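The structure under discussion appears below in the form of structure tokens.
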Number of protein chains: 2
Amino acid sequence: MMTLTEENYLKALFHLSTENEEVSVLDLSKSLAIKMPTVNSMVKKLSGKGLISYEKYKPLMLTQSGKRAAGLIIRKHRLVEMFLVQHLGFGWDEVHEIAEQIEHIKSQRFFDRIDQLLDFPKVDPHGSPIPDTNGEIVFQNYIKLEECVENQNIVFMSVGSSQDSFLKLIDRLNLKLGDKIKVLEIQEFDKTMRVLVNEAIEQNLSQMVAANILVRI
Amino acid sequence: MMTLTEENYLKALFHLSTENEEVSVLDLSKSLAIKMPTVNSMVKKLSGKGLISYEKYKPLMLTQSGKRAAGLIIRKHRLVEMFLVQHLGFGWDEVHEIAEQIEHIKSQRFFDRIDQLLDFPKVDPHGSPIPDTNGEIVFQNYIKLEECVENQNIVFMSVGSSQDSFLKLIDRLNLKLGDKIKVLEIQEFDKTMRVLVNEAIEQNLSQMVAANILVRI
DNA sequence: CTAAAATGTTAGAATAGTCTAACAAAAAAT
DNA sequence: ATTTTTTGTTAGACTATTCTAACATTTTAG
């Protein structure tokens, strides 16, 4: 049985591994807001459990078993987020913290029931994929709105950041997952995008925002 | 902020206090399955926080603030149990363990939403009262079926034990909260009761079972 | 009313997870 | 190719919660 702490290390390492080619002790330390020596010793411990493959001064990597374990935790997290939004009426900017706690509940059946109640969702409220019952994730090949060109038609599928302030901004812009977006114009000066949403409303999006809006063609 | 451990001590002391006139360190130790010296030091710590009033060699008591805190934890526990039964389809014998974990989630709003979703229930799936938002409990004055006499008509309102084996037995006897019960006959030898349930089915209940069936007249 | 039993307390050690300080290795910069 | 900076590691200490062993007090029984 894994402790809550160990689960958090695995999860963080998993996320970092998808974002970067190599993950250092320092990366993990920053991401968890835990000092390097602590991370170092925990990494050794998890290596002892066969969840992380660790060699001194080398980048950190999850083993197959570590990947699976992390995937299963992320699965729980995202199922819970979905439940909080769909059944308890929380906003997508409010669910992370609560899911962060509930994901550690020890009860396979609890999460199975939630999954069933939600009719086996494939993505969470932020458009991120929910790992399957083996912890396996199917990565979507979305692109950043930032990378789109003028006159391109795309669909808003996911967000690149789940930061509170970003999600609240998207809400205020009245943007929702599934919205159809047409790029009208890109300012040469600051890359600000003028877009048409659902063939109805025009909006200006800063490059930073556009970089965190993930779309499919 | 209280730790999960502290919350468990308070909750246990609260329950013991309702069952017994005086609660000793030994009682608490047994109830938590934690050794006396450990309990002793935790009790001192909680006394320092103003949650337990403690004097050496004297019975343990919750302070007002301790009672309120314990009541609020029990509120969360029972709300969650109700949710698990009503929305996730768990049996009343399966919910305790999971609620034991979820009760410690730090999010007022989460429990408020659950409360709302359940339409502000007053009792949990075992018929136990759910404390109000101030941690206040309204105790019901139910009596044990054991204490009833022949030909008495009563209603099954609550269980005196939430032990798995007892709840499963009640299920197997097809008894449900709210059922009308008529005492037909009490065996002089072993106090076994022959009862009529919902004017339809006759059942024999051992004294031990009857002692854990709480009814109102 | 004393002796034995039960209960309670203190002292000291163990574990998990955290930290700081000091040292070591690798990477980057001159 | 050294020096400096960054990153990584080791050692040792701290807190929370637990334990065992030893001792103290209270309660119960003769």
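Note that these values count all heavy atoms, side chains included, but never hydrogens, waters or copies made by symmetry. Since this is a predicted model, take the numbers as computed values, not measurements. So that the names make sense, note that chain A is the first sequence line, chain B the second, and so on, each numbered from 1.
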Determine whether a donor-acceptor pair (N or O, by modelled atom type, separation under 3.5 Å) exists between the side chain of B/Asn20 and the backbone of B/Leu16. yes
Under 3.5 Å donor-acceptor, B/Ser29 side chain and B/Ile34 backbone: yes
NZ or CZ of A/Arg113 within 45° of B/Phe90 ring axis and under 6.0 Å: yes
Picking from A/Leu32, A/Leu46, A/Ile52, what satisfies side chain to side chain contact (heavy atoms under 4.5 Å, CB included) with A/Leu13? A/Ile52
Under the rule for salt bridge (charged side-chain N to carboxylate O under 4.0 Å, His left out), what residues qualify as partners of [X], not counting sequence neighbours?
X        : value
B/Asp164 : B/Lys168
A/Lys144 : none
B/Lys44  : none

May I ask you to list the residues of [range], by number, that have any heavy atom positioned under 4.0 Å from an atom of DNA chain D?
range                     : value
residues 2-16 of chain A  : none
residues 39-63 of chain B : B/Ser41, B/Met42, B/Lys45, B/Tyr57
residues 25-33 of chain A : A/Val25, A/Leu26

Kindly assign one of parallel, tilted or perpendicular to the pair B/Trp92 and B/Phe156, based on the angle between their ring planes and the thresholds 30° and 60°. perpendicular
Can you find a pair of side-chain heavy atoms, one from B/Met193 and one from B/Leu145, that are under 4.5 Å apart? yes
Within the structure provided, determine whether B/Ser107 and A/Glu97 are in side-chain contact (heavy-atom separation under 4.5 Å). no
Under 4.0 angstrom, heavy atoms only, what part of the nucleic acid is B/Ser24 near: base, sugar-phosphate, or nothing? sugar-phosphate
In short, salt bridge (charged side-chain N to carboxylate O under 4.0 Å, His left out) pairs touching residues 15-43 of chain A with sequence neighbours left out are none
Salt bridge (charged side-chain N to carboxylate O under 4.0 Å, His left out) contacts in which one or both residues fall within residues 117-126 of chain B, not counting sequence neighbours: B/Arg78-B/Asp124
Atom pair distance, as rounded to whole Å: CD1 in A/Ile34 and P in C/dT20: 12 Å
On DNA chain D, reading 5' to 3', which nucleotide is the first and which the last to sit with an atom under 4.0 Å from a heavy atom of chain B, could you check? D/dA16 to D/dT26
Pairs involving residues 29-77 of chain B, ordered by first then second residue, that meet ring-ring contact (aromatic ring centres under 6.0 Å, His included) (sequence neighbours left out): B/His77-B/His96
Can you check whether A/Phe111 and A/Phe120 have ring centres sitting under 6.0 Å from each other? no
Note the angle between the end axes of the helix from C/dC1-D/dG30 to C/dT30-D/dA1, five pairs defining each, rounded to 10 degrees. 0°
Sorted by chain and number, sequence neighbours left out, ring pair (Phe, Tyr, Trp, His ring centres under 6.0 Å) with B/His15 holds for none
